[in-house]
Engineer: 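Got a structure for you, written out below as C-alpha cells; questions coming shortly.
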2 protein chains.
Amino acid sequence: MAGAMSGQANSIERRSGVSLWRQIADKILQAIASGDFAENAALPPEMALAERYGVNRHTVRSAIAALVQDGVLRAEQGRGTFVLSRKRLSYPIGARTRFSTGLQGQTTERHIALLSSWTEPATRRIAEALGIARGAAVIRLETRGEADGHPVSRASAWFEAGRFAGIEDAMAETGSITASLRRFGVDDYLRQSTVLSARHADADDLAALDLQPGAIVLVTVAINVTPDGRPIQFSESRFPAERVELKLSASE
Amino acid sequence: MAGAMSGQANSIERRSGVSLWRQIADKILQAIASGDFAENAALPPEMALAERYGVNRHTVRSAIAALVQDGVLRAEQGRGTFVLSRKRLSYPIGARTRFSTGLQGQTTERHIALLSSWTEPATRRIAEALGIARGAAVIRLETRGEADGHPVSRASAWFEAGRFAGIEDAMAETGSITASLRRFGVDDYLRQSTVLSARHADADDLAALDLQPGAIVLVTVAINVTPDGRPIQFSESRFPAERVELKLSASE
DNA sequence: TATAGTTGTCTATATCAATAGACAAATATT
DNA sequence: AATATTTGTCTATTGATATAGACAACTATA
C-alpha cells in the first residue's frame with residue numbers, strides 16, 4: 001500500500017464545514033475510482049489510514065462506515081476492509097452524445113426511466129435556448145439514466161410544447177430520447193453547446209441517484225439542435241462524481 | 001426576490017458530513033453564478049433566507065460570514081448584504097484549447113505563472129499517455145492560470161524530458177504553453193482526449209486557488225498531440241467550481 | 001495452540017455546529 | 001422625530017464531530 005493513493009495530497013482540512021470523516025470517505029472513493037485498488041483488494045488497516053491522514057482511528061471508522069452503508073466497501077472483523085465497487089463509468093460527451101450508445105462496452109444494460117413530466121411556461125433562459133417566446137409552453141421531462149440497475153444520471157429536459165406535443169408518451173414507451181424525437185420527424189440531432197459545472201448534490205439528486213448526503217454531482221447544461229441548427233431540446237443533467245466521469249470526444 | 005433562486009431545490013441535508021452553513025454558502029454561490037443576482041444587488045434579509053432554507057438565522061449568518069471572508073459578499077449593518085463578485089468565468093474546452101485565447105472578452109488580462117518544475121520518472125499512467133517507457137524521465141510543470149489578478153486554474157503538466165529539455169525555462173519566459181512548445185518545433189497541437197471529474201479541493205488547491213476549505217474543484221485530465229497524432233503533453237488541471245464553468249466547444 | 005494483526009464496541013471528554021432568544025447598532029422610511 | 005427594517009453581538013443549550021484509551025471478537029499464521 002506504500003505506493004497506492006500516492007497521486008493525491010494526503011491532506012485534510014479542518015474547520016471547513018466539511019467533516020473529516022466525509023473528506024476521508026471522498027479520498028477513499030477517489031482512490032478506488034482512479035484504480036489505486038483492484039476490486040476485492042484490501043484497504044490499509046484503520047490504524048494506518050488514521051496515521052496517514054493525521055486523524056483518530058474512530059474518524060477513519062466513520063468514513064468507512066459511510067462507504068459500507070453505501071455499498072462501496074465490505075468490512076470483515078479480524079480480516080480487513082475490502083473494495084466492492086469497480087471503477088467509475090466513463091460517460092462520453094460530444095456532438096453526438098447519446099445515452100445508450102455511450103455506455104456500450106462498459107455496461108450490459110442501460111435505459112432511461114421517465115420519472116415525471118408536465119407542461120410549464122418557459123423561463124428566460126429556456127426561451128433563449130430554444131429560440132421561443134418567454135412564457136411560451138414547454139414540456140418538461142424528468143428522467144433518470146440507469147446502467148446495470150444503478151442510477152448514473154438525473155436529467156431535466158425541455159421541449160417546445162407545440163412541436164413536440166405528446167413526447168412524454170413516446171419517452172415512456174421507448175425509454176429513449178433519440179427514438180422519441182424520431183416520432184416527431186427528427187432523424188438526427190447534434191449537441192450545440194455544453195456547459196459544465198459541479199456542486200454538492202441536493203435532496204432530489206440524493207434520492208434519485210442513491211447517493212449519500214454530501215456527495216458531489218457534475219452538472220451539464222446542454223442545447224441540442226437539428227443538423228440545420230434549429231434548437232429542439234434544452235437540458236440539465238446531473239452525474240454522481242463518485243461513480244461517473246465525463247469523457248469529451250476527440251473528433252466531432 | 002420571489003422569483004430569484006427559483007431554479008434550485010431549496011433543500012438542505014442534515015447529518016451529511018457537510019455542515020448546513022457550507023451547504024447554504026454553496027447555494028448562494030450557485031445563485032450568484034447562475035445570474036440570479038446582479039452585481040451589487042442585495043441578498044434577501046437573513047431572516048428570509050433562514051426561513052427559506054429552514055434553518056436558524058445564525059446558521060445563515062455563518063454562511064454569509066464565510067462568503068464575506070471570501071470576498072463574494074459585503075454586509076452592511078442596517079442596510080443589507082450585497083453581491084460583490086460577478087458571474088463565473090466560462091472556460092472553453094475543445095480540440096484547440098488554449099488558455100489565453102479562451103478567456104478573451106471575459107477578462108482584460110490573463111497569463112500562466114510557473115510555480116515550480118522538476119524532472120521525475122514517468123508513472124504507468126503518464127508513460128501510457130505519452131507513449132514512452134514507464135520510468136523514463138519526464139519534465140513536470142506546476143502552473144497557475146490567472147485572469148485579472150485572480151487564480152482560475154491550477155495545473156500539472158508532463159512532457160517527455162528528452163524532446164522538451166528546457167521547456168521550463170521557455171515557460172517561465174513566455175508564460176504560455178503554446179509559445180514554449182513552438183520553440184521545440186511544435187507549431188500546432190490538438191486536444192486528443194479530455195476526462196472530466198469533480199472533487200473537494202485539497203490543501204494545495206486551496207492555497208493556489210485562494211479558496212476556502214470545503215470548496216469544489218472541477219478536474220480535467222487531458223492529452224495533447226501534434227496534428228499527426230504524436231502525444232506531447234499529459235496534464236491534470238483543477239478549476240474552482242464556484243468561479244469557473246467549462247464550456248465545451250461545439251465543433252471539436 | 002499461541003501470537004500478532006485486524007475490526008467491533010464501550011466509556012469519557014472536548015470542540016464544532018446549530019438552535020433559541022434578547023437586545024444593540026446602524027440605516028431607511030414615514 | 002419616530003418607526004420599521006436589517007445587521008451585529010451576546011448568552012445559553014443541544015446534538016454532531018473528533019479525540020483518547022481500553023478491551024473484546026475474530027482471523028490468519030507461525
Side-chain angles (χ1 to χ4, degrees), chain A residues 1-2 10-28 37 40-70 72-84 200 212-214, chain B residues 1-2 10-28 37 40-70 72-84 200 212-214:
Chain A
M1 175 54 207
N10 291 326
S11 47
I12 295 293
E13 293 298 316
R14 289 165 194 265
R15 289 181 212 88
S16 69
V18 181
S19 62
L20 302 188
W21 65 260
R22 169 140 296 280
Q23 293 182 60
I24 290 168
D26 283 352
K27 291 221 174 261
I28 293 173
F37 299 110
N40 299 317
L43 231 59
E46 294 167 351
M47 279 303 294
L49 289 173
E51 195 174 357
R52 164 194 305 260
Y53 294 120
V55 300
N56 192 272
R57 178 183 158 225
H58 295 292
T59 306
V60 169
R61 283 182 60 76
S62 296
I64 290 176
L67 296 177
V68 167
Q69 176 71 23
D70 206 21
V72 175
L73 300 176
R74 180 186 67 246
E76 293 182 29
Q77 185 169 353
R79 293 194 65 216
T81 304
F82 303 88
V83 176
L84 286 176
H200 284 121
Q212 295 300 106
Chain B
M1 175 53 210
N10 290 326
S11 47
I12 296 293
E13 292 300 316
R14 290 167 192 264
R15 284 181 223 91
S16 69
V18 182
S19 62
L20 301 189
W21 65 261
R22 169 139 297 279
Q23 294 183 59
I24 290 169
D26 283 352
K27 291 222 174 260
I28 293 173
F37 300 109
N40 299 317
L43 231 60
E46 292 167 351
M47 278 304 294
L49 289 174
E51 195 173 355
R52 164 193 304 260
Y53 294 120
V55 301
N56 192 272
R57 176 180 161 228
H58 295 293
T59 307
V60 169
R61 283 181 60 75
S62 296
I64 290 176
L67 297 178
V68 167
Q69 176 71 23
D70 207 19
V72 175
L73 300 177
R74 182 186 64 247
E76 293 183 28
Q77 185 169 351
R79 294 194 64 216
T81 304
F82 302 89
V83 177
L84 286 177
H200 285 121
Q212 296 300 108

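In what follows, chains carry the letters A, B, and so on, assigned in the order in which the sequence lines appear, proteins first and then strands, with residues in each chain numbered from 1.
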Engineer: Any side-chain heavy atom of Val72(B) within less than 4.5 Å of one from Val83(B)?
Structural biologist: no

Engineer: Respond yes when some side-chain nitrogen or oxygen of Arg14(A) is under 4.0 Å from OP1 or OP2 of dT19(D), and no when none is.
Structural biologist: yes

Engineer: Establish, with yes or no, whether the OP1 or OP2 oxygen of dT17(D) is under 4.0 angstrom from a side-chain nitrogen or oxygen of Thr59(A).
Structural biologist: no

Engineer: Look at all strands and tell whether Ser62(A) reaches a base, only sugar-phosphate, or nothing, counting heavy atoms closer than 4.0 Å.
Structural biologist: nothing

Engineer: With heavy-atom distances below 4.5 Å as the criterion, would you say the side chains of Arg79(A) and Gln77(A) are in contact?
Structural biologist: no

Engineer: Rounded to whole angstrom units, what separation is found between the CD atom of Glu46(B) and the P atom of dA26(C)?
Structural biologist: 16 Å

Engineer: Roughly how far, to the nearest 0.5 Å, is NZ of Lys27(A) from OH of Tyr53(A)?
Structural biologist: 6.5 Å

Engineer: Is a side-chain donor or acceptor of Thr81(A) paired with a backbone partner of Ala75(A) at a separation under 3.5 angstrom?
Structural biologist: no

Engineer: Rounded to the Å, how far apart are Phe82(A) CZ and dA28(D) C1'?
Structural biologist: 11 Å

Engineer: Is there a side chain to side chain contact (heavy atoms under 4.5 Å, CB included) between Leu49(A) and Arg61(A)? Walk through the geometry before answering.
Structural biologist: CA-CA 10 Å; Leu49(A) 289 173; Arg61(A) 283 182 60 76; over 6 Å; no

Engineer: Considering only heavy atoms from C-beta outward, does the side chain of Ile64(B) approach that of Leu67(B) to under 4.5 Å?
Structural biologist: no

Engineer: Does CD in Glu51(A) sit with more than 12 non-hydrogen atoms of other residues, nucleotides or ligands closer than 6.0 Å?
Structural biologist: no

Engineer: Starting at CH2 of Trp21(B) and ending at P of dT17(D), how long is that distance when rounded to a whole Å?
Structural biologist: 14 Å

Engineer: Please check: side-chain N/O of Glu46(B) versus main-chain N/O of His58(B), any donor-acceptor pairing under 3.5 Å?
Structural biologist: no

Engineer: Atom CD1 of Ile24(B) and atom P of dA18(C): how far apart are they, to the nearest Å?
Structural biologist: 8 Å

Engineer: Wobble G-U and Watson-Crick pairs count when both distances are under 3.5 Å; given that, what is the 5' to 3' dot-bracket string of DNA chain D, with | for pairing to other strands?
Structural biologist: ||||||||||||||||||||||||||||||

Engineer: Polar-atom pairs under 3.5 Å, protein N or O versus N or O of nucleotides 21-25 of chain C: list them with distances, or write none.
Structural biologist:
{"from": "dG21(C)", "atom 1": "O6", "to": "His58(B)", "atom 2": "NE2", "distance (Å)": "2.5"}
{"from": "dA25(C)", "atom 1": "O4'", "to": "Gln77(B)", "atom 2": "NE2", "distance (Å)": "3.3"}
{"from": "dA25(C)", "atom 1": "N3", "to": "Gln77(B)", "atom 2": "NE2", "distance (Å)": "3.0"}

Engineer: Leu43(B) versus Ile28(B): any side-chain heavy-atom pair under 4.5 Å?
Structural biologist: yes

Engineer: Could you check how far CZ of Arg61(B) sits from P of dT7(D), rounded to whole Å?
Structural biologist: 8 Å

Engineer: For dT6(D), does either OP1 or OP2 sit under 4.0 Å from a side-chain N or O belonging to Thr81(B)?
Structural biologist: no

Engineer: Where do Arg22(A) and Gly17(B) come nearest, in terms of heavy atoms and distance?
Structural biologist: CB-O, 4.0 Å

Engineer: So which nucleotide from dT19(D), dT6(D), dA18(C) ends up closest to the side chain of Pro45(B)?
Structural biologist: dT6(D)

Engineer: Given dA28(C), dT19(C), dT6(C), which nucleotide is nearest the side-chain atoms of Val55(B)?
Structural biologist: dT19(C)

Engineer: Mind calculating the distance between CD (Gln23(B)) and C1' (dA17(C)) to the nearest angstrom?
Structural biologist: 12 Å

Engineer: Nearest-nucleotide wise, let me know which of Glu76(A) and Val18(A) is further upstream toward the 5' end of DNA chain C.
Structural biologist: Glu76(A)

Engineer: How many Å lie between CZ on Arg74(A) and C1' on dT7(C), as a whole number?
Structural biologist: 14 Å

Engineer: Atom CZ of Arg22(A) and atom C1' of dA17(C): how far apart are they, to the nearest Å?
Structural biologist: 16 Å

